[in-house]
Every structure is written in C-alpha cells, then in structure tokens.
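Any value given below was found using the heavy atoms of this structure, including those in side chains, with hydrogens, waters and symmetry copies removed. Note that the structure is predicted; figures quoted are calculated from it, not measured.
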Amino acid sequence: MNAEDFPTPDADVESVTPETLKSRIDDGESVTILDARMSGDYEEWHIDGENVESINVPYFHFLEDELDADIIADVPDDREVTVLCAKGGASEYVAGTLAERGYDVHHLEDGMNGWARIYETVEVTDYDGAGTLLQYQRPSSGCLGYLVYDDDEAAIIDPLRAFADRYFDDADELGVDLKYALDTHIHADHISGVRGLDAAGVEGVIPAAAVDRGVTYADDLTTAEDGDTFEVGNVTIETVATPGHTTGMTSYLIDESLLATGDGLFIESVARPDLEEGDEGAPDAARMLYESLQERVLTLPDDTLIGGAHFSDAAEPASDGSYTAPIGQLVEEMDALSMDEDDFVETILADMPPRPANYEDIIATNLGQNTVDDEEAFTLELGPNNCAASQESLAGD
C-alpha cells in the first residue's frame, strides 16, 4: 500500500525526525522500536544497537477489523515506542492504532528512507598530514567517504550520488573548491557520485584498472594508474593499486598519513572477494587480496591510518568518532593479517554474508551500462553494504 492509502487514525500521533532518533541512540538512551515493515525487509535491514530494542510486527496485522491481542503482546505499554515503516505512511497509521489503545507512541518521519538520508561528518583528528581530513558516515548502510582540504582546494574520495549537493554545500561552508572526486573501485552497494560531480565541474577520477570491467564513460573522466598523484593545496594523494575485492580495487594514500582503502581493508574485517567473479573466482581473488595486503598495505608504517569505504555494526570507532585505526593496531587485533596465504583464503571464504541487495543492478549502473533516475538510484542502494568477508568482526579474534 502507498502512504496515502492508509486510513487516517483518530488519535493524534507525533512524529520524530531520523536525526533526533539517531541522537537519542548515540546518547545511550534506551529506545524501543516497532518496525512495521514486512518480515523479510526487517530481517535484511533494521535499526539496531546495544540500547535499542527492536520488534517486528508487519503493518497488515493492524488493518484487521479486530486487532489480535496476541499480535501486539510483545509491544511494551510501559514506555515510549517509536513506530517506523519504509516511508512513513504505514507507521503513522500503526502508531495511531496503538495510541487509541493507550500506548505511548510516535512514528519516524519518512521511515527507513529518512534514516537512509542521514549523512554525518567527523574530523579525523589522528590524521597528521597537511590540511584537514573529514570522514563522511552514512549509518544506514555503513558507507564512508573522505574529504581532505587545504588552502582553498578539496578532494572527496568515494562520494555518493545521493549526497552530491551536500558536498558542494560543505565545500562552500569551508571556503574551498572541490577539485577532485575519486572512486576507489566500481562499488556494488551504492551508486557512485563521481560522474555527477564531474558533470558539475569537479575532476572525476576512477582507477585505470577498473576500466576493463566495461566502464562506458572512461574517456570522459581521469583514470588513475598505480603511483599517480593528485595535489590538493599542500596535500598529496597517491594512487596505490590494491586488487582483490575487485580487479580494479585502488587505495589512495592521503599525504602519507591515511590510506583510504575502499573495500580492501576495514578496521574490523577484510574485503569479500566474490562480487566480481562470483563463487568460482573468489579463491583467486582472495589470493590477490592477500598479496595486496601483504605487499602494498601492511608494508606502510605502523602509524599509517586505515580508513575503509564501509563500517559494520561490529566496528568500534576511534576516540574521535571516526572509523579509522593505525595499521599496527589492526595487525595486532586481526589474526587474518598475520596468516599465511592458504589460511587467509580459507578464513575469508568461510563466513561471507549475503551479497548486497541489488548489487548486480548497482554494479551495472556504476559501470554506466544501466541508467536510473535519482529516486531509483536511492532505492537500489537501501540496505546493508555486506562488502566485508565476515558478518562478525575479525578484529580481536
């Protein structure tokens, strides 16, 4: 049903913004959520946390003439409950139905679509290169991006199409011009913003090694070869080939201080190797990843920060709130980084999560082989990223 198809509840129901709900969760408040989406959607992706109690009762149960008491038996009546759905229509109706029965409820504005529009920024304070480095965080999907700026210039790594206007707004506020937009690889979980930014006057950069996958727009953008550098003020961004997650996977070393690893290495796990060549090609890709990690990443100084393109619920942020960690710390905490090649391959192939939702359509879109409008692009990327090799943290194992 569409939002406008739901009856208007007799009880007045207040709404809460996604940003307010996120702040409450971040502040450690106990939050109870009634998720009224279908069970399959809920199991794939929902709001979670140590201080979050999440209950799933699909909205259609509330459309019955007589609401079954057993259906809502798990909905607490002794504290406030936040009702949510996909877009906000069903949750308002469900919340109203519960309010009529005396429950203390409100509903989430715009539902999980609104949650997916939260995009936060933190400064990476342990970065000690030239200029200033910010990390963009999208909590709904765990997507991470990086904005480095110095003097009056800036570059963004792994931008999202859905937030192109945000980057320009942030640059204006900082008093800098966006000079480069760089992608680490052909993403499988979100629609890249590089082409849109390039069309708006920013120099778009993609890895040269990714072109052979069938990129249709390579001639319109700059292609980065291993060892190429890009200058932003006094900041040098060096291209470092790190294939494994994909054949074109590329990292960017920002002023010798932070390595933006894309989906090669995360602070809690390593990349999954099956999204380009499937299960059959995953073992060879895993061996390629092992070589990249051992020869291109772990040979950097121990105090070099690692910043991936994603984080999972298992990731623990640094003291500054960023999802970054020094290489030396990751080597100490993640046994996979000290294994021999055969053990490494066996470990990362053993517990891979489901592939990202709509990943084939997303890849085709990022290759330029599929054209979607902004609304369809946003819908395609809803859900968890699932780009790591394990659903659980490999750090501290």
Side-chain angles (χ1 to χ4, degrees), residues 126 129 144 146 157-158 182-186 188 207-210 224-229 237-277 279-312 314-315 323-353 387-390 392-397:
D126 285 339
L144 299 172
Y146 300 87
I157 297 174
D158 286 333
L182 307 98
D183 255 347
T184 54
H185 65 296
I186 302 299
E225 300 276 2
D226 184 41
D228 284 352
T229 58
I237 302 171
E238 180 183 354
T239 305
V240 182
T242 51
H245 175 64
T246 66
T247 51
M249 182 70 244
T250 297
S251 300
Y252 295 104
L253 182 60
I254 305 175
D255 221 48
E256 300 185 344
S257 180
L258 180 140
L259 185 69
T261 54
D263 288 350
L265 175 63
F266 312 106
I267 65 167
E268 78 279 23
S269 188
V270 298
R272 65 185 302 157
D274 63 324
L275 294 183
E276 182 175 343
E277 298 294 340
D279 293 337
E280 184 176 342
D284 287 341
R287 294 184 185 281
M288 189 184 301
L289 175 62
Y290 180 83
E291 181 176 325
S292 291
L293 291 174
Q294 294 298 323
E295 297 182 7
R296 305 306 306 276
V297 177
L298 302 184
T299 53
L300 294 170
D302 283 352
D303 61 355
T304 305
L305 294 174
I306 294 296
H310 296 105
F311 69 98
S312 71
Y323 290 92
T324 62
I327 287 177
Q329 176 184 324
L330 294 183
V331 171
E332 290 180 1
E333 295 180 349
M334 205 180 302
D335 288 349
L337 299 180
S338 302
M339 292 177 177
D340 63 32
E341 185 173 328
D342 289 340
D343 288 342
F344 176 87
V345 172
E346 181 180 354
T347 296
I348 70 168
L349 295 179
D351 184 36
M352 286 190 293
C387 287
S390 176
E392 304 296 332
S393 175
L394 295 180
D397 56 4

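Between atom CG of residue Leu258 and atom CD1 of residue Ile157 there is a gap of 8.0 Å, rounded to the nearest 0.5 Å. Atom CG of Leu259 is separated from atom CD1 of Ile327 by 6.5 Å, given to the nearest 0.5 angstrom. A distance of 9.0 Å separates CZ of Phe344 from CG of Leu349, quoted to the nearest 0.5 Å. One distance of note links CG of Leu293 with OG of Ser251; it measures 9.0 Å at 0.5 Å rounding. One finds the CG atom of Asp274 at 12.5 Å from the CD atom of Glu280 (value rounded to the nearest 0.5 Å). Taking CG of Asp343 as the reference point, atom CD1 of Ile348 lies at 12.0 Å (rounded to 0.5 Å).
Looking only at distances, a side-chain donor or acceptor of Glu268 sits under 3.5 Å from a matching main-chain atom of Ser312. In this structure, the side chain of Thr250 engages the main chain of Gly248 through a donor-acceptor pair within 3.5 Å. Formation of a donor-acceptor pair under 3.5 Å by the Tyr146 side chain with backbone atoms of Ala309 is not found in this model. A distance-only check finds no donor-acceptor pair linking the side chain of Asp284 to the backbone of Gly281 [under 3.5 Å]. Judged by distance alone, with hydrogens and angles left aside, the side-chain atoms of Gln294 form a donor-acceptor pair with the main-chain N or O of Leu337 at under 3.5 Å. Under a 3.5 Å cut-off, the side chain of Glu276 and the backbone N or O of Thr247 do form a donor-acceptor pair. Judged by distance alone, with hydrogens and angles left aside, the side-chain atoms of Asp226 form a donor-acceptor pair with the main-chain N or O of Ala241 at under 3.5 Å. Judged by distance alone, the side chain of Tyr252 and the main-chain N or O of Asp183 form a donor-acceptor pair under 3.5 Å. Between the side chain of Arg272 and the backbone N or O of Pro353, at least one donor-acceptor pair lies under 3.5 Å.
For His310 against Phe266, the heavy-atom pair with the smallest separation is O-CD2, 3.5 Å. The two residues Gly262 and Thr184 make their nearest non-hydrogen contact at CA-OG1, 3.5 Å.
Inter-residue side-chain proximity for Pro273 and Met352 is flagged as met; some heavy-atom pair is nearer than 4.5 Å. The shortest side-chain heavy-atom distance between Ile267 and Phe311 does not fall under the 4.5 Å cut-off. At a threshold of 4.5 Å between non-hydrogen side-chain atoms, the residues Glu225 and Thr239 do not count as touching.
Around atom CD of Glu341, more than 12 heavy atoms belonging to other residues, nucleotides or ligands sit under 6.0 Å away.
Looking at residues two or more places apart in sequence or on another chain, you find a ring-ring contact (aromatic ring centres under 6.0 Å, His included) between His185 and His187, His245.
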Would you mind writing out the side-chain donor-acceptor pairs for residues 299-307 within the sub-3.5 Å range, not counting sequence neighbours?
{"unit_1": "Thr299", "atom_1": "OG1", "unit_2": "Glu295", "atom_2": "O", "d": "3.1"}
{"unit_1": "Thr304", "atom_1": "OG1", "unit_2": "Pro301", "atom_2": "O", "d": "2.9"}

**Report entry** Test log, rule side chain to side chain contact (heavy atoms under 4.5 Å, CB included), inputs Val297 and Ser292
**Finding:** CA-CA 7 Å; Val297 177; Ser292 291; 5.6 Å; no
